[in-house]
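I have placed the structure first, in the form of C-alpha cells, so that the comments after it can refer back to it.
Each chain gets a letter, A, B and so on, in the order the sequences are listed, and its residues count up from 1.
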Amino acid sequence: MPLTVFNTLSGRKELFEPVTPGKIGMYVCGVTVYDECHLGHARCYVSFDVIRRYFEYAGFAVHHVQNFTDVDDKIINRAGEAGIPPFDLARKYEQRYFEVFERLNVRRAHVYPRATEEIDGMIRMITTLIERGHAYAADGDVYFSTKTFKDYGKLSKRPEESLLAGARVEVSDKKRDPLDFALWKKAKTGEPSWPSPWGEGRPGWHIECSVMSQKYVGDTLDVHGGGQDLIFPHHENEIAQSEAATGKPFVKYFLHNGFVTVDGEKMSKSLGNFQTLEELYAQVAPDVLRFLIVSAHYRTPLTFTAKKLDDAAAGLARFREGFRHLEELFAFPVSNDAVSPESLDAIRLGSVKSKFENAMNDDFNTAEAIGVLFHALTEVNRLHGAASRSGKAPAGVTEILRPLKSWLGTALNDILGISPAAQALSTDETSRVEELLAGREKARKEKKFSDADRIRDELAAMGYQLQDTPQGPRAVRKR
RNA sequence: GGCGGCGUACCCAAGCGGCCCAAGGGAGCGGUCUGCAAAACCGCGACUCACCGGUUCAAAUCCGGUCGCCGCCUCCA
C-alpha cells in the first residue's frame, strides 16, 4: 500500500506525493508562549513528530518548521499580571516548551521562527495584499477582505451564509464585512508595537504563519499541521492571505490531529482543565505518555483518564519485556528442534515489516502498527519461554530473528520515538539493586523465604518488579 | 442554527463492502512454570460492531432516519 494521508482540504485520504519528489516541506503551528504545555499539546507535537519521522524513514528529505507566537493579547495580559515585560514571559515559556518536549523525545524542528522577529515580512505581505485589493487600512488597523477571496471557507467547508449566521464574529465598526479579519492592529498604549505604513501597531494572529511558512518553507507547503481547532478560523485565514498574496496554492496536504478531552470537555489552557506535562511526568515516565499517544490513531478523540496511564505503562512494559526476550534468544545454544512455519512467519522480518508499513502508510495508523509489533513479540516470547525451559533455541530461529531485531530497534526508536530498552539506571542504584538480589538469593538458598520476600517487597518499594528466571533473578523497573 | 467527528467486549483501541462468525493492549478467571510470587506461555472472554429501516449475492464497513457524546463557528494544539 502506498503512503496515503487524510487531507482536511478534501475530507478524504489521498495518495501522498510531495510537490518536489523526495522532498517535503512541512509547517506545524506552534504554541502561543504564555503558559505551560499540557497533554493536548503533547498529542499534537508527538503526532507530527511521528509523521515527520515516518516521512524520513520512508526516504523523504523533510524540512520541518514550527513557529512560536510570541506577541498576542494573552501574553501581554499575563506579563502585565506578573509585572514583567511580555518579551521575557514569552522567552520563559519558549524555554519551557523545549524542556518538556525534549523529555517526550520530540525531534526539534529545523527552524523555530518567532512572530516578533518577522514583522518586516508581515508588513510586506500586508502591503502586497492592499495593493492587490484584498486588504484595506482603516484607522490604523488593516483588515483582510474575505469577500475578495472566492475560495474563502474551502478548508472548513463553511458556506458564507452560515459564517454570518454565527454572529459570534468580532464586531468592529472598522470592518467592511463581519467576516473580515485583522492583519494589523493599531497599537494601544503600553503594549508592544512596531512602526508600519499604517502607524504603530502589531500583527494579527494569522499573518505570521503565512509569512513565516513562505519564508522558511516556500509558497506551497507540502504539509501543514496543527490541532483541529485551528481549522477555523486560523488555517482558513492563512489560506486566504497566502493564496491572495502569491496566487499559488498554499498547502497541498492539511493534516489535523484530534483533541484530548477530559471529563467530557476539551482540554485547553483557557478552560484550565489540565495538568501540565511537568506534573504528569511526576506520575508517569514521559515515554509512557508518548506510548499512550501513539496507541491511538492521531485523528481520533482521546479521552484522558488516570487508568489510561496505567494501561499504557503496562503495555509499554510488555513491549520492552518482549524486546528483551528477543535479545536474550541469541544467547542460547542452538538445538535441532524444528519450529512450525507459522511461527517462523510471525517473526520473519519481511512479514512484520510489510504489515507495519502498510499500517503506517494508511494515514499513520500507529495503533494498528503497534498491534503488528505486539503480535510478533508474542511469538518471540513463546520461543523465549521454550528456550528458557530447554536451555536451547530451536534451529534456524536466530537467523530469522537477527534482521527482525535490528529493524525493530529502528522502528521503535526512529519511527515511534520509543526506546525498546528501559531507561538506564544510575550506577549507584544498579549496585544497590544487585546487592538486594544477591541477598535474596542467599536467603532463598537457606530457605529463609520470609527474608527473601521482605527483600522483594523492598525492591518493589523502590519501583522494581522481581522476576525469577531459569538464568537467575532480575529486577525490572516498573516506574 | 451552520459545519465536522465519534458511538466496536469490563476498560482502551484497530478494522471502513467479501481475508471479520471483528487485530492488538489493559483488567479478570482457569492452567503451566515458581518455595510463594512475578514475568512469560496456553485456554476462557463481543454469535456481534448505539438503535431502526434500506441497498447488495455479501455490511461493523454504503444510504436514510433515530438516540447519545464531543469539537469548531471567540483565544485555543
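Computed from coordinates, the A:His206 NE2 to B:rC73 P distance equals 11 Å when rounded to whole Å. Taking atom CD on A:Glu265 and atom P on B:rC6, their separation rounds to 21 Å, with Å as the unit. For A:Lys157 and B:rG5, the NZ to P distance is 9 Å, given to the nearest whole Å. Rounding to whole angstrom units, CG of residue A:Asp311 and P of B:rA9 are separated by 16 Å. Distance A:Lys13 NZ to B:rC16 P: 7 Å, rounded to the nearest Å. Look at NE2 on A:His235: it is 9 Å from C1' on B:rA77, rounded to the nearest Å. Between A:Glu441 atom CD and B:rC36 atom P there is a gap of 15 Å when expressed in whole angstrom units. Protein atom CD1 of A:Ile293 is 14 Å distant from nucleotide atom P of B:rA13, rounded to whole Å.
Within the shown strands, B:rC73 is the pairing partner of B:rG1 under the Watson-Crick or G-U definition, both distances less than 3.5 Å. B:rG45 is unpaired under the criterion used here, namely a Watson-Crick or G-U wobble arrangement in which both key atom distances are under 3.5 Å. The partner of B:rG7 is B:rC67, judged by Watson-Crick or G-U wobble contacts that both fall below 3.5 Å. Applying the Watson-Crick and G-U wobble criteria (two distances, each under 3.5 Å), B:rA40 pairs with B:rU32. Nucleotide B:rG24 has B:rC12 as its partner under the Watson-Crick or G-U criteria, with both atom distances under 3.5 Å.
Within the 4.0 angstrom heavy-atom criterion, base atoms lie near A:Gly258. Using a 4.0 Å heavy-atom distance criterion, A:Leu230 is classed as a sugar-phosphate-only contact. Using a 4.0 Å heavy-atom cutoff across all strands shown, A:His256 reaches no nucleic acid atom at all. The residue A:Gly30 sits close only to the backbone: its heavy atoms come under 4.0 Å of sugar-phosphate atoms, none of a base. As judged by a 4.0 angstrom heavy-atom cut-off over every strand, A:Thr300 is placed among residues touching the sugar-phosphate backbone only. Counting non-hydrogen atoms under 4.0 angstrom, A:Glu321 reaches the backbone sugars and phosphates but no base. As judged by a 4.0 angstrom heavy-atom cut-off over every strand, A:Phe449 is placed among the base-contacting residues. When heavy atoms are screened at a 4.0 angstrom cut-off, A:Asn381 is found touching the sugar-phosphate backbone but no base atom. Within the nucleic acid shown, A:Arg474 has no heavy atom closer than 4.0 Å to any nucleic acid atom. No contact: A:Thr303 has no heavy atom under 4.0 Å from any strand. Nucleic acid contact class of A:Lys269 (heavy atoms, under 4.0 Å, all strands): sugar-phosphate only. A:Arg440 comes within 4.0 angstrom of a nucleotide base, judged by non-hydrogen atoms across all strands. Residue contacts for A:His297: at a heavy-atom cut-off of 4.0 Å it reaches the sugar-phosphate backbone alone, with no base atom in range. If you check every strand for non-hydrogen atoms under 4.0 Å, A:Tyr45 touches sugar and phosphate atoms only.
Taking only side-chain atoms of A:His41, from C-beta outward, the nucleotide of B:rA77, B:rA27, B:rC72 with the closest atom is B:rA77. Each of B:rA40, B:rG35, B:rA14 was ranked by its minimum atom distance to the side chain of A:Arg444; first place goes to B:rG35. Closest to the side chain of A:Glu368, out of B:rA14, B:rA40, B:rC72, is B:rA14. For A:Ala452, taking side-chain heavy atoms from C-beta onward, the closest of the listed nucleotides B:rG35, B:rC41, B:rC75 is B:rG35. The side chain of A:Gln465 lies closest to B:rA38 when the candidates are B:rA77, B:rA38, B:rG24. Side-chain atoms of A:Asp468 lie closest to B:rA37 of the nucleotides B:rC75, B:rA37, B:rG25. Nearest to the side-chain atoms of A:Lys266 among the listed nucleotides B:rG71, B:rG15, B:rA37 stands B:rG71. Of the candidates B:rA14, B:rC41, B:rC12, B:rC41 carries the atom nearest the A:Arg318 side chain, counting heavy atoms from C-beta on. Taking the side chain of A:Ala314 as heavy atoms from C-beta on, and the options B:rA77, B:rA27, B:rA13, the nearest nucleotide is B:rA27.
Within 3.5 Å, a donor on the side chain of A:Arg456 pairs with an acceptor on the base of B:rA37, or the reverse. Side-chain N/O atoms of A:Asp310 and base N/O atoms of B:rG25 include no donor-acceptor pair closer than 3.5 Å. The base of B:rC6 is not paired with the side chain of A:Arg299 by any donor and acceptor separated by under 3.5 Å. Checked by distance alone, A:Lys74 brings a side-chain donor or acceptor within 3.5 Å of a matching partner on the base of B:rC75.
For B:rG71 and B:rG54, the P atoms lie 35 Å apart once the distance is rounded to whole Å. Separation of the C1' atoms belonging to B:rG17 and B:rA37 is 49 Å when rounded to the nearest angstrom. One C1' atom belongs to B:rA40, the other to B:rA46, and the distance between them is 26 Å to the nearest Å. When the P atom is compared between B:rG5 and B:rA58, the two are found 28 Å apart, to the nearest whole Å. Here, B:rC16 and B:rA23 have their P atoms 14 Å apart, quoted to the whole Å. The gap from the C1' atom of B:rC75 to that of B:rA14 amounts to 35 Å, rounded to the nearest Å. Rounded to whole Å, the C1' atom of B:rC63 lies 7 Å from the corresponding atom of B:rU55. Spacing of C1' atoms, B:rG24 relative to B:rA9, comes out at 13 Å, to the nearest Å.
For A:Phe364 and A:Phe55, the ring centers sit closer than 6.0 Å to each other. Aromatic ring centres of A:Tyr34 and A:Tyr93: separated by at least 6.0 Å.
Other residues, nucleotides and ligands place more than 12 heavy atoms under 6.0 Å from the NZ atom of A:Lys154.
With hydrogens and angles left out, the side-chain atoms of A:Glu36 and A:Thr276 include no donor and acceptor closer than 3.5 Å. Of the N and O atoms on the side chains of A:His234 and A:Glu238, at least one donor lies less than 3.5 Å from an acceptor on the other residue. A donor and an acceptor atom, one from each side chain of A:Tyr97 and A:Gln66, are located under 3.5 Å apart.
Taking the centre and axis of the six-membered ring of A:Phe98, the NZ or CZ atom of A:Arg108 falls inside the cone set by 45° and 6.0 Å. Geometric assessment of A:Arg52 against the ring of A:Phe48 yields a negative cation-pi assignment under the 6.0 Å and 45° thresholds.
Ionic pairing of A:Glu321 and A:Arg318 is not present here: no N-O contact between side-chain nitrogen and carboxylate oxygen is shorter than 4.0 angstrom.
Distances shorter than 4.0 Å separate none of the side-chain N or O atoms of A:Arg389 from OP1 or OP2 on B:rC33. When the side-chain nitrogen and oxygen atoms of A:Arg43 are compared with OP1 and OP2 of B:rA77, none of them lie within a distance under 4.0 Å.
In terms of heavy atoms, A:Thr8 sits closest to A:Lys157 at O-NZ, 2.7 Å.
Of the residues near RNA chain B, A:Cys44 and A:Ala369, the one whose nearest nucleotide (by heavy atom distance) lies more toward the 5' end is A:Ala369. Nearest-nucleotide positions on RNA chain B for A:Lys307 and A:Ala317 put A:Lys307 closer to the 5' end.
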